Amino acid sequence: MHVGHTRGAVFGDALAGLLEFAGYDVTREYYINDGGTQVDVLARSAYERYREAHGLEPEIVEGLYPGDYLIPVGEALKEKYGDSLIDQPESVWLEDLREFSTDMMMDSIRTDLAAIGVTMDVFFSEKSLYGTGKIEAALDNLDAKGLIYQGVLEPPKGKLPEDWEAREQTLFKSTEYGDDADRPVKKSDGGWTYFAPDIAYHFDKVERGFDELIDVLGADHGGYVKRMKAAVSALSDSKVPLDIKLCQLVKLYKNGEPFKMSKRAGNFVLLRDVVEQVGADVTRFIMLTRKNDAPLDFDFAKALEQSKDNPVFYVQYAHARVNSVLTKAGEAGLEVSDKALEKADMSLLNHPAELSLVQKLAEWPRLLEIAAKTHEPHRIAFYLYELASDFHALQHLGKIEPEMRFIQAANPAQSLARIALIRAVAVAIAAGLGILGVTPAKEMR
RNA sequence: GCACCCGUAGCUCAGCUGGAUAGAGUACCUGACUACGAAUCAGGGGGUCGCACGUUCGAAUCGUGCCGGGUGCACCA
C-alpha cells in the first residue's frame with residue numbers, strides 16, 4: 001500500500017471506532033478487487049517481473065503496471081516455478097499467476113494494515129461474485145423491479161470520446177433513484193462491467209442484514225457515488241442508507257519540500273516506510289487532522305518532531321501530565337482513586353481557567369454525537385487538541401499563580417476537586433484517542 | 001457542457017442539524033522555567049468568512065445565481 005491508500009484505511013477504521021463508541025454494531029470490510037480484467041493486467045505485469053528474475057529484459061508495455069512492488073512477486077514466481085513458465089503462452093500461466101499475484105498483494109496489504117493498527121472483520125473477494133450466480137441474483141432483483149432494460153445511452157455531453165458509437169447495452173435505470181444517467185451493467189462484449197459486481201457486493205451486504213452501509217473510497221471515484229446510492233436504494237427498497245465517504249489525496253512533504261511520487265513510474269512512498277519512520281500513532285492522528293474530503297499535507301519532518309508542531313504529542317503529553325499529577329497527589333497522601341474523586345466538591349472550581357476547561361469537557365458528549373452522525377472522525381482529533389490546550393493552560397497557571405496548582409497541601413478538598421477535573425480530562429482524551437486508534441500514553445519520557 | 005467537492009487571518013486549516021465580540025496552528029513581535037513534566041504557557045498585530053441576491057428576529061452556516069480551484073464524465077477499474 002502506498003500512503004494514499006492509508007488515509008482511507010485509517011479514516012474508515014477511525015470512523016468504525018467512533019460508531020462503535022457511539023453504540024453501533026460495526027463490521028469492517030475490505031473489498032478485494034481480485035476480479036475482472038485488472039487482475040489479468042496484474043498477472044501479466046508479474047509475468048514480466050518473473051522473466052526479469054531470470055535475467056531477461058522485462059517488457060513492461062503500455063497498460064501494464066510498472067511499479068517496483070511487483071519485483072518480489074517475480075522473484076517468488078521464480079522460486080515456485082523455476083524456469084518452467086519461460087516462453088510459455090499466456091494460456092498456460094495466466095490463471096495461476098492471477099491467483100498467485102493477488103494472494104501476494106493481499107498478504108502485503110494485510111501486513112500493512114496490521115502495521116497501522118487496522119483490523120478488518122471481513123475480506124470480501126470480488127472474484128467470489130463471479131460464476132457463483134451472485135451477480136445474476138442481484139441483477140434479477142433489480143430486473144424484478146423493472147429497473148433493468150436493453151437500451152442505447154445518450155452520448156455524453158461536452159466533448160465526445162473519439163471512439164464513441166451508439167451501442168445497445170443492458171442498463172440499470174439508476175435515474176429512477178437520482179442518478180444523472182442510466183448505467184450499463186454489461187459490456188458490449190457481453191461481460192460484466194465493473195459496476196455489476198459492485199452492485200452484487202452491496203446486495204450481498206443488504207442480504208446479510210446490515211441496516212446502514214458506508215463506503216470509503218478515493219476522491220477520484222466521486223462520479224460513482226450517485227449510481228451506487230441508486231443501486232442500494234433500489235436493492236433495499238430505500239430501507240438501507242448508503243453513505244459514501246471520499247478521501248482526498250495525501251501530499252507528502254519533507255521540510256516543506258514536496259516529495260515526488262510518480263504514479264506512472266509506480267514510485268510510491270510506501271506506507272511501511274512512513275510507519276517505520278514516524279510510527280503508527282503519529283501517522284494515524286495526522287491523517288485524521290483533516291476532513292476526509294480535504295487534501296492532506298503530510299510532512300515527515302513535522303511528524304517526527306516531538307513538539308507543539310506535532311498535534312499527537314501535544315495531546316498525548318496532556319494525558320501523560322494528568323497521570324503524572326495523579327501520581328504526585330498519591331505521593332502527597334491524597335486518595336485519588338476514581339471512587340474517591342466521585343465525592344469531590346466540584347463547586348470549588350470557580351477560576352475562569354477551570355470553568356473553561358469544565359465547559360470544554362461538557363462539549364464532549366455532544367461532539368461525539370455530531371461526529372458519529374456526520375461520519376466525521378476528524379472532529380474528535382480537533383476536539384482533543386483543544387481539550388489538551390485548555391488543560392495545558394490550566395496546568396501552566398500553577399507556575400504563575402501557586403495557589404492554582406492542582407495539589408494544595410493545605411486544602412485537600414480543593415485539591416480533590418481539581419484532580420477530579422483533570423482526571424475527567426484524561427478519561428476523555430483516552431477515550432478519544434482510543435476511538436482514533438492512537439495510544440493514550442501514560443508517560444512520555 | 002454536466003455532476004460532485006472546495007473557496008474563512010500572509011500560509012495550512014477548524015467551525016456549517018442557523019444564535020452572542022468568527023477560532024486554532026503556523027509565521028512575525030514581546031514575555032514566562034529554584035516549585036504538580038517549559039515536549040508547556042501568556043500577550044500583541046493580522047479576516048469584506050470568494051461575490052451578489054434571497055429565507056430568517058438572527059446566516060461563515062440554509063436557498064438561488066455567478067466567479068475561482070480540484071475531481072470525475074459510454075463500453076476501462
Side-chain angles (χ1 to χ4, degrees), chain A residues 33 35-39 41-42 63 126 152-161 163-171 178-195 197-198 218-227 244 246 248-249 253 256 289-297 299 302 305-314 316-318 320-329 331-332 353 369-370 373-374 376 378-379 381-383 385-386 388-389 391-400 402 404-409 415 418-419 422 443-445:
Chain A
N33 287 119
T37 53
Q38 56 176 341
V39 185
V41 176
L42 177 69
E126 176 190 351
V152 179
L153 282 175
E154 294 284 310
K157 304 272 196 289
K159 50 182 173 186
L160 214 58
D163 56 346
W164 163 267
E165 54 182 275
R167 290 199 184 105
E168 189 173 272
Q169 297 172 298
T170 305
L171 300 168
D179 198 2
D180 310 304
D182 291 339
R183 306 293 173 178
V185 294
K186 267 190 182 177
K187 294 190 280 189
S188 48
D189 67 3
W192 302 115
T193 62
Y194 66 90
F195 187 38
D198 287 342
D220 53 342
H221 291 72
Y224 163 94
V225 171
K226 284 190 180 179
R227 77 192 62 171
I244 299 185
L246 301 175
Q248 265 291 356
L249 301 173
Y253 292 83
T289 52
R290 214 94 307 172
K291 229 171 4 189
N292 60 286
D293 54 5
L296 170 72
D297 294 337
D299 195 307
K302 280 191 179 171
E305 218 169 292
Q306 303 197 350
S307 74
K308 198 171 176 175
D309 285 346
N310 187 336
V312 198
F313 283 94
Y314 187 75
Q316 285 181 321
Y317 180 42
R321 270 181 141 182
V322 172
N323 282 288
S324 182
V325 173
L326 289 175
T327 307
K328 289 279 180 189
E331 287 166 11
E369 187 192 323
I370 293 176
K373 189 178 285 182
T374 56
E376 292 180 340
H378 76 276
R379 290 172 186 264
F382 278 92
Y383 173 81
Y385 189 90
E386 289 164 14
S389 175
F391 166 76
H392 283 310
L394 183 59
Q395 168 146 22
H396 193 82
L397 205 55
K399 292 211 177 291
I400 301 155
M404 286 309 296
R405 291 162 64 80
F406 299 131
I407 303 165
Q408 298 291 324
S415 305
R418 287 179 180 163
I419 290 167
I422 64 171
E443 59 175 25
M444 305 179 62
R445 288 180 194 280

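Treat the numbers as computed from the prediction; the structure is a model and nothing was measured. Hydrogens, waters and symmetry mates are skipped; everything else that's a heavy atom, side chains included, is used.
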- Message: Looking only at the side chain of Glu376(A) (C-beta and beyond, no hydrogens), which of the listed nucleotides A77(B), G15(B), C41(B) gets closest?
- Response: G15(B)
- Out of A3(B), C75(B), A24(B), which has the shortest distance to the side chain of Tyr385(A)? A24(B)
- On RNA chain B, more 5' by nearest nucleotide between His221(A) and Arg290(A) is Arg290(A)
- Note on the structure: Atom OH of Tyr224(A) and atom C1' of C73(B) are separated, to the nearest Å, by 15 Å
- If we take the P atom in both G46(B) and G1(B), what is their distance in whole Å? 42 Å
- Item | Charged tip of Lys187(A) within 45° of Trp192(A) ring normal and under 6.0 Å | no
- So which nucleotide from C76(B), G72(B), C16(B) ends up closest to the side chain of Asp220(A)? G72(B)
- When rounded to the nearest Å, what value does the distance between P atoms of A35(B) and C28(B) take? 28 Å
- Query: The side chain of Glu443(A) lies closest to which of these nucleotides: G70(B), C16(B), G37(B)?
  - Reply: G37(B)
- Could you work out the separation of C16(B) and U55(B) based on their P atoms and round it to a whole Å? 25 Å
- Query: Taking it one step at a time, do Glu331(A) and Thr327(A) satisfy side chain to side chain contact (heavy atoms under 4.5 Å, CB included)?
  - Reply: CA-CA 6 Å; Glu331(A) 287 166 11; Thr327(A) 307; 3.6 Å; yes
- Item | C1' spacing across the pair U8(B) / G25(B), given as an integer number of angstrom | 15 Å
- Query: Under 4.0 angstrom, heavy atoms only, what part of the nucleic acid is Ala294(A) near: base, sugar-phosphate, or nothing?
  - Reply: sugar-phosphate
- Item | Inter-nucleotide P distance (C11(B), C2(B)), Å rounded | 31 Å
- Item | Separation of atom CZ in Arg379(A) from atom P in U61(B), rounded to whole Å | 16 Å
- Quick one: closest heavy-atom pair of Leu246(A) and Gly222(A), and the distance? CD1-CA, 3.7 Å
- Nearest-Å distance, CD (Glu386(A)) to P (C13(B))? 18 Å
- Closer than 4.0 Å, any side-chain N/O of His378(A) to the OP1 or OP2 of G15(B)? yes
- Note on the structure: Distance col, row Thr374(A):OG1 vs Lys291(A):NZ, nearest 0.5 angstrom, shows 10.0 Å
- Query: Any idea how Phe195(A) and Tyr224(A) line up, ring-wise: parallel (<30°), tilted (30 to 60°), or perpendicular (>60°)?
  - Reply: perpendicular
- Message: Of the listed nucleotides (U17(B), C16(B), C75(B)), which one gets closest to any side-chain atom of Gln169(A)?
- Response: C75(B)
- Message: Show me the dot-bracket string of RNA chain B, counting Watson-Crick or G-U pairs under 3.5 Å, with | for pairs to another strand and [ ] for crossing ones.
- Response: (((((((..((((.....[...)))).(((((.......))))).....(((((..]....))))))))))))....
- Message: Under 3.5 Å, is there any donor-acceptor pair linking the side chain of Arg167(A) to the base of C75(B)?
- Response: yes
- Expressed in whole Å, how much space separates the C1' atoms belonging to G70(B) and A32(B)? 45 Å
- Task: Establish, with yes or no, whether the OP1 or OP2 oxygen of A77(B) is under 4.0 angstrom from a side-chain nitrogen or oxygen of Thr37(A).
- Result: yes
- What is the nucleic acid contact for Arg183(A), judged by heavy atoms within less than 4.0 Å: base, sugar-phosphate only, or nothing? nothing
- Contact class for Thr327(A) (heavy atom, under 4.0 Å): base, sugar-phosphate, or nothing? nothing
- Message: Over all strands shown, is Phe382(A) touching base, sugar-phosphate only, or nothing at heavy-atom distances under 4.0 angstrom?
- Response: sugar-phosphate
- Using the P atom as the reference point in each nucleotide, state the distance between G43(B) and A24(B) in Å, no decimals. 10 Å
- Item | Integer angstrom distance from the P of A20(B) to that of G65(B) | 29 Å
- Task: Could you check Asp198(A) against Arg227(A) for side chain to side chain contact (heavy atoms under 4.5 Å, CB included), going step by step and ending with a plain yes or no?
- Result: CA-CA 11 Å; Asp198(A) 287 342; Arg227(A) 77 192 62 171; over 6 Å; no
- Working to the nearest 0.5 Å, report the span between NZ of Lys328(A) and CZ of Arg405(A). 9.5 Å
- Side-chain N or O of Lys187(A) closer than 4.0 Å to phosphate OP1/OP2 of A74(B): no
- When you measure from the side chain of Tyr317(A), which nucleotide among C5(B), A38(B), A77(B) comes out closest? A38(B)
Measure all distances between protein nitrogen or oxygen atoms and nitrogen or oxygen atoms of nucleotides 34-36 of chain B, and list the pairs falling under 3.5 Å.
from: A35(B); atom 1: O2'; to: Arg405(A); atom 2: NH2; distance (Å): 3.0
from: A35(B); atom 1: N6; to: Lys399(A); atom 2: O; distance (Å): 3.4
from: C36(B); atom 1: OP2; to: Lys399(A); atom 2: NZ; distance (Å): 3.3
from: C36(B); atom 1: O4'; to: Arg405(A); atom 2: NH2; distance (Å): 2.9
from: C36(B); atom 1: O2; to: Phe406(A); atom 2: N; distance (Å): 3.4
from: C36(B); atom 1: O2; to: Ile407(A); atom 2: N; distance (Å): 3.4
from: C36(B); atom 1: N3; to: Phe406(A); atom 2: N; distance (Å): 3.0
from: C36(B); atom 1: N4; to: Gln395(A); atom 2: O; distance (Å): 2.7

- Item | Candidate pair Arg290(A) and Gln248(A), rule side chain to side chain contact (heavy atoms under 4.5 Å, CB included), full reasoning | CA-CA 10 Å; Arg290(A) 214 94 307 172; Gln248(A) 265 291 356; over 6 Å; no
